[in-house]
Amino acid sequence: MKQIIIDLLAKYIKLKKEEIEKLIEIPPNSEMGDYAFPCFVLSKKEKKAPNAIAEHLANKLPKTKEIEKIEIKGPYLNFFVNKRYFAEEIIKLNSNFGKLNLGKGKKIVIDFSGPNIGKPMHIGHIRSTILGDSLMRIHNFSGYNPIGINYLGDIGLHIGKLIVAYELWLDKDALKKDPIAELLRLYVKFCSKEKTEVQEGQEEAGEEFKNNEWTNKAREKLKLLELGDKKTHKIWQEIISHSKKGFDRVYTMMNVNFNETTGQSLFSIKGKTEVFNALKKGIAKRESDGAIYIEFDNLPKKYVLRSNSTASYITQDIGAAIERYKKYKFDKMIYVTDFRQELHFNQLFQILKKLGYDFSDKLVHVGFGTVNFGKEIMATRQGKVILLEDVLKKTIDKSQQEIKKRKTKGNAEIIGVGAIKYSFLKNDPVKDVNFSWEHSLNFEGDSGPYLQYSYARASSIIRKSEKSKLKSKSKNYNIPELTSQEISLIKKISEFPEVVEKAEKQLNPSIIANYSFQLAQSFNEFYHSCKVIGDDCEAFRLKLVNAFRTTIKNSLYLLGIEVMEEM
Ligand code: ARG
């Protein structure tokens, strides 16, 4: 509803829609209208008194079916929305409610999740996975053709480290029993050896130590792998296969899918070719030790090839971006990772531009804050991890207990996974999130299960009505004198398409999560104050309940959260 007023005003005043949106107020009581627009800002621009501007505007604005009347209150324009009109619209809505055609079928590649082979998926990976999945759904719903890519970290120094450790310390029985745990043990053991070697003042660049005996061993393994050494290759393949199985278990539990899963290693050659091209063109330079780097006007220089001429993370990203553009001719490609990779992506985009790839303008990095637990940051190197699989399992167990305790129905997996997804998605991506077991296992208030429950409650009303004899009445509905709770609910429901659009434009699923909560609250207030079955307004209210069901279902779908008919 608000959007209609914004759109209308935008045609008659010289302000941007975003500016108008910020200015619109909700009057202190409904007798003063549903929305108010203060004319002070325009007064400066047009050098007229605000009251005069308000009067002038009120005369100019056309009559529309959505707006019942516009009143002038001093410098304010008060808008009275035609609620009956909106009520009519809302009870007619169908299961596609909120779907938009903003994208007109344009291709959007979304690169998300991308865990590293050999390391377990921990709670730090959850944000990229569920944010990416939600962005996929939001784009699909808005009429784009999204393509989800899981770019596995199947190569890189961590792989070199793991291969060294695998050859030295592998416990075969342990690997059989729990491959993910054994690989983590190997990795942590390697890192502790590496760390004890670090001398005073020696710098740590990412995970690379210069002149460290252990790091050098890992570099050598990586070199062997690139050269196609059989034995090294075989170990690598084993590690990949164990890891992928572990990842797939998590994706299945979370109901997350990809259109393409490709390892970084696939792009080493393409990336290196581009790096050598850059060297030829003078875009890149060579260090005396052989390493190749690129300099920028406004960013720190970036090494694009190691001194032993193996490809690094950025080398592969250069190759991957070019190959993907060739394959998909995308209109946009979104990379979803932690903010700590912001510089990496800025450098990547500029390198592609320098290389003459104009599609670099279509690349976007969506960064998000860290997941902290306690006061510490997750560090796989030290074995300080909370495994994603454990988090999911525990939450599902807890859901099972709650179902038993309350003697209710519901699917523990859907509830548990919904709880986890919501507890992360409700936070603005830019913010850090503190993970606590207590928080993510809390099913009251602003939580996934609360939202799912509001859907189940609405479904139960519909079921009861179908059983009751009054069913025939529900065909003919009259829109009654609306109560304030009905009006609030109608207003909230009608916001949904605008909310989807905003979330898509801002690449921010938390907008949908927060909306879902407000919508459920609005429904619960309606439920507690308006009788549905057996009331004179039954037919209309049933339609309203149904409209709510569709809206909350679609809204939760965009977050990757499923609903249940009974709970
Ligand atoms: N594997 C990386 C990580 O764990 C994420 C990959 C992101 N995608 C990319 N094209 N670089 O941080």
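One-based numbering, in listed order, for ligands and for the atoms of each.
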- request: Check each atom of ligand 1 against the heavy atoms of N116 and keep those under 4.0 Å away; list them by number with element.
  value: 1 (N), 2 (C), 4 (O)
- prompt: Which atoms from ligand 1 have a heavy atom of Y335 less than 4.0 Å away?
  reply: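 By the 4.0 Å cutoff, the relevant atoms are 10 (N).
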Does ligand 1 come near enough to [X] that some N or O of the ligand is less than 3.5 Å from an N or O of the residue?
X	result
H344	no
Y151	no
D317	yes
T337	no

At what distance is the nearest protein heavy atom to [atom], and which residue and atom is it?
atom	result
atom 12 (O) of ligand 1	Q341 NE2, 2.7 Å
atom 7 (C) of ligand 1	Y313 OH, 3.4 Å
atom 8 (N) of ligand 1	D111 OD1, 3.0 Å

- request: For the pair K106 (side chain) and K332 (backbone), establish whether a donor and an acceptor sit closer than 3.5 Å, ignoring hydrogens and angles.
  value: no
- prompt: Think K161 forms a cation-pi with F190, using NZ or CZ under 6.0 Å from the six-ring centre and within 45 degrees of its axis?
  reply: no
- prompt: Side chain or backbone of H125 under 4.0 Å from ligand 1, or both, or neither, by non-hydrogen atoms?
  reply: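 For H125, there is no contact with ligand 1 at all, from either part.
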- prompt: For atom 4 (O) of ligand 1, which of G114, G263, S128, S113 has the closest heavy atom?
  reply: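 Selected option, by shortest heavy-atom distance: G114.
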query: For F112, is the nearest heavy atom under 4.0 Å from an atom of ligand 1?
result: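 The answer is no: ligand 1 sits nowhere under 4.0 Å from a heavy atom of F112.
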Full working for ring-ring contact (aromatic ring centres under 6.0 Å, His included) between Y328 and F330: CA-CA 5 Å; Y328 296 113; F330 50 74; 7.7 Å; no
field: Point-to-point distance, once rounded to the nearest 0.5 Å, from CZ of R324 to CZ of F267
entry: 6.0 Å
task: Mark yes when over 12 heavy atoms from residues, nucleotides or ligands other than K431 sit less than 6.0 Å from its NZ; otherwise mark no.
output: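 Not more than 12 within 6.0 Å, no.
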- prompt: Quick one: do the T370 and N372 side chains pair a donor with an acceptor below 3.5 Å?
  reply: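 Note: T370 and N372 side chains miss the donor-acceptor criterion.
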- prompt: Are side-chain N/O atoms of S113 and Y251 paired as donor and acceptor at under 3.5 Å?
  reply: yes
Atom of A321, atom of Y335 and distance for their closest heavy-atom approach: CB-OH, 3.7 Å
